[in-house]
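When a residue number appears, it is its place in the shown sequence, counting from 1.
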Amino acid sequence: MKSPLELNLNYQGKKTGFGKIKITAEEVSAVDERIDMTWAGTKLDKMDFFGKSDPFLEFARENPDGSFSVVHRTEVIKNTLNPRWQPFSVGSQQLCNSDDRRRIRITCQDWNKSGEADFIGCCDVKVADLRKASLPVDLELVNSAKAKKKKSYRNSGVLHLQHLDITKKPTFLEYVSGGLELNFVVGVDFTGSNGDRRKPTSLHYLSPTGNMNEYQQALWAVGSVCEQYDTDKMFPAYGFGAKVPPNFEFSNIFNLSVGSPTPECHGVAGIQAAYQQACSQVQLWGPTNAAPIINAVATLAEEEHRRIVSQKLPCRTYQILLLMTDGILTDMDNTKLAVIKASRLPMSIIIVGVGKADFSDMEELDADDGLLRIGNVVAMRDIVQFVPFSQFAMQPPEVLAKEVLAEVPTQVVEYMYNYGLPVMSAVAGAPHR
């Protein structure tokens, strides 16, 4: 462990007086367990003049340098001195880096509209101690400032751990080794903004020399990895945003193998062949609507979701949609709603931005700064990874594949984790023990 990195914060060129940010790093443990907990409190200190308190809890893990970092925060319970917070789950990697002996500091605070919470009290605990203890576990909240002022001070309330369940959290490799298949689905943008496909400037231009355009390169890089996780190598592939023969009516979603009754192609080579055929047959049009293809893949995922969740059966198929597009979406709100709906299903979305257009819509869907939302509707988890192809145009294909698929293992495990789904035995299809 190296010393923490400290950086001075500056504002509009001014380099002093704005504080510092400290960055610490440590190797993440390979072991991860699911820790389910339910906490309550009694006789908390009264903090509000016209009411009681609005308490919430913060869980912070100890860093190697002795400092603490908040890793979980409960909801606020309004106007009570005897709160009972909702049950929650947290991974042991997140809570204590899977080190049972590491201190966890639980801080109880009083929420205020101003945003500045008032400190009620705190206590330290270790997962090792909780494993051995009998429930409920009672922990006194201590406010050291109050303790110094009053000799009769005892505590600022008591926390009660009412429920604790610790179970091993399977890894992505365990799910795949157990028989989980990744179903690779492709969606290609055939809107007019890609440019006249007959001209070398078009993003859909097929070079007579055999040089692949950006769509072909992205498809090959990502598909070559994904097809290793699917036994039959049959992948649904669609186009969207074009006029399609024989009547050349506009279609928001059509089989990439134009004229075929099925969207499935055999392997990445089959998808490439269907793409080249589509380029010579369809008429690029518009608008750019991504919601229909996301909803189509979500329908496949919904079938699997309904089958497994009610009975906690192992998941057999996880959908990965590779969506390749050249820019701004016409149906952004509908696309956001489609992604939010899909976030509760066994499904991930990889978006590769082709060309040099404005990709701000895609970055919003990626939602790296928080879960995607529209109004009061919030995604259950982050399922989108966006990568602009231009950043990897001069890199080997495996570099692009690594970047776009980087979040998929975490997304797969998070889906399984959220619904408590077991690993499937590769032989019998039974839960792995």
Side-chain angles (χ1 to χ4, degrees), residues 184-197 202-204 213-215 218-219 222 235-260 263 265 271 274-275 278-279 281-302 319-345 347-367 372-375 377 379 383-389 404:
F184 183 49
V185 185
V186 175
V188 182
D189 180 350
F190 281 98
T191 55
S193 54
N194 284 280
D196 187 341
R197 58 180 174 77
S202 172
L203 295 171
H204 282 304
N213 62 37
E214 292 188 11
Y215 281 100
L219 176 58
V222 181
F235 304 115
Y238 302 96
F240 63 95
K243 289 186 174 182
V244 183
N247 298 324
F248 285 94
E249 295 178 347
F250 174 76
S251 177
N252 274 316
I253 179 171
F254 55 90
N255 294 342
L256 197 61
S257 296
V258 180
S260 171
C265 300
I271 300 175
Y275 167 74
C279 283
Q281 290 182 318
V282 305
Q283 182 179 356
L284 307 190
W285 206 254
T288 308
N289 294 334
I293 191 169
I294 294 174
N295 287 329
V297 179
T299 299
L300 299 176
E302 180 77 43
Q319 308 290 333
I320 298 178
L321 171 61
L322 171 60
L323 189 64
M324 296 181 289
T325 181
D326 76 323
I328 300 172
L329 298 177
T330 310
D331 65 339
M332 185 58 177
D333 284 351
N334 287 338
T335 297
K336 289 170 71 173
L337 286 172
V339 171
I340 291 171
K341 176 185 176 183
S343 69
R344 63 182 180 83
L345 304 174
M347 175 176 170
S348 291
I349 302 171
I350 297 167
I351 302 177
V352 176
V354 178
K356 299 178 180 179
D358 179 4
F359 292 117
S360 56
D361 283 354
M362 310 307 156
E363 291 168 351
E364 183 178 352
L365 294 174
D366 198 343
L372 183 66
R373 67 185 305 143
I374 180 168
V377 185
I383 63 168
V384 176
Q385 168 75 336
F386 166 69
V387 175
F389 182 85
V404 299

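One finds no salt bridge joining Glu302 and Lys341 here, because no Lys/Arg side-chain nitrogen approaches an Asp/Glu carboxylate oxygen to under 4.0 Å.
The shortest heavy-atom contact between Ile253 and Ala296 is CD1-CB, 3.7 Å. Taking all atoms of both residues into account, the shortest heavy-atom contact from Ile293 to Phe240 is CD1-CD2, 4.4 Å. Of all the heavy atoms in Ala290 and Asp331, the pair that sits closest is N-OD1, 3.1 Å. Considering all non-hydrogen atoms of both residues, Cys265 and Ala274 come closest at SG-CB, 3.8 Å. Nearest heavy-atom pair across Leu321 and Gly187 is CD1-N, 4.1 Å. The two residues Val352 and Ala218 make their nearest non-hydrogen contact at CG1-CB, 3.9 Å.
In this structure, OG1 on Thr330 lies 5.5 Å from CG on Asn289, to the nearest 0.5 angstrom. Within the model, atoms NZ of Lys356 and CG of Leu203 stand 10.5 Å from one another, a figure rounded to the nearest 0.5 Å. Remark: Gln319 CD to Leu300 CG distance equals 5.0 Å, nearest 0.5 Å. One distance of note links CG of Leu365 with CG of Leu323; it measures 9.0 Å at 0.5 Å rounding. Note that CD1 of Ile383 and CD1 of Ile294 are 8.0 Å apart. Values are rounded to the nearest 0.5 Å. How far CZ of Phe250 is from NZ of Lys243: 9.5 Å, rounded to the nearest 0.5 Å.
Taking the six-membered ring where tryptophan is involved, the planes of His204 and Phe190 are essentially parallel, since the angle between them stays under 30° and well short of 60°. Classified by interplanar angle (parallel below 30°, tilted 30° to 60°, perpendicular above 60°), the ring pair Phe184/Phe235 is perpendicular.
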- Task: Go through Asp333 and Thr335 one step at a time and tell me if the side-chain contact (heavy atoms from CB on, under 4.5 Å) criterion holds.
- Result: CA-CA 5 Å; Asp333 284 351; Thr335 297; over 6 Å; no
- Residues Met324, Leu219; criterion side-chain contact (heavy atoms from CB on, under 4.5 Å); working and verdict: CA-CA 8 Å; Met324 296 181 289; Leu219 176 58; 4.1 Å; yes
- Can you check side-chain contact (heavy atoms from CB on, under 4.5 Å) on Arg373 and Lys336, steps first, answer last? CA-CA 7 Å; Arg373 67 185 305 143; Lys336 289 170 71 173; over 6 Å; no
- So Ile351 and Thr325, side-chain contact (heavy atoms from CB on, under 4.5 Å) or not? Walk me through it. CA-CA 7 Å; Ile351 302 177; Thr325 181; 4.2 Å; yes
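Asn255 and Ser260 are not linked by any side-chain donor-acceptor pair at a separation below 3.5 angstrom, with hydrogens and angles left out of the test. Between the side chains of Asn252 and Tyr238, not a single donor N or O lies within less than 3.5 Å of an accepting N or O.
A donor-acceptor pair is defined here as one N or O able to donate and one able to accept, closer than 3.5 Å; no such pair exists between the side chain of Glu363 and the backbone of Phe386. Judged by distance alone, with hydrogens and angles left aside, the side-chain atoms of Asn194 form a donor-acceptor pair with the main-chain N or O of Thr191 at under 3.5 Å. Judged by distance alone, the side chain of Asn213 and the main-chain N or O of Tyr215 form a donor-acceptor pair under 3.5 Å.
Between Asp189 and Thr288, the closest side-chain pair of non-hydrogen atoms falls below 4.5 Å.
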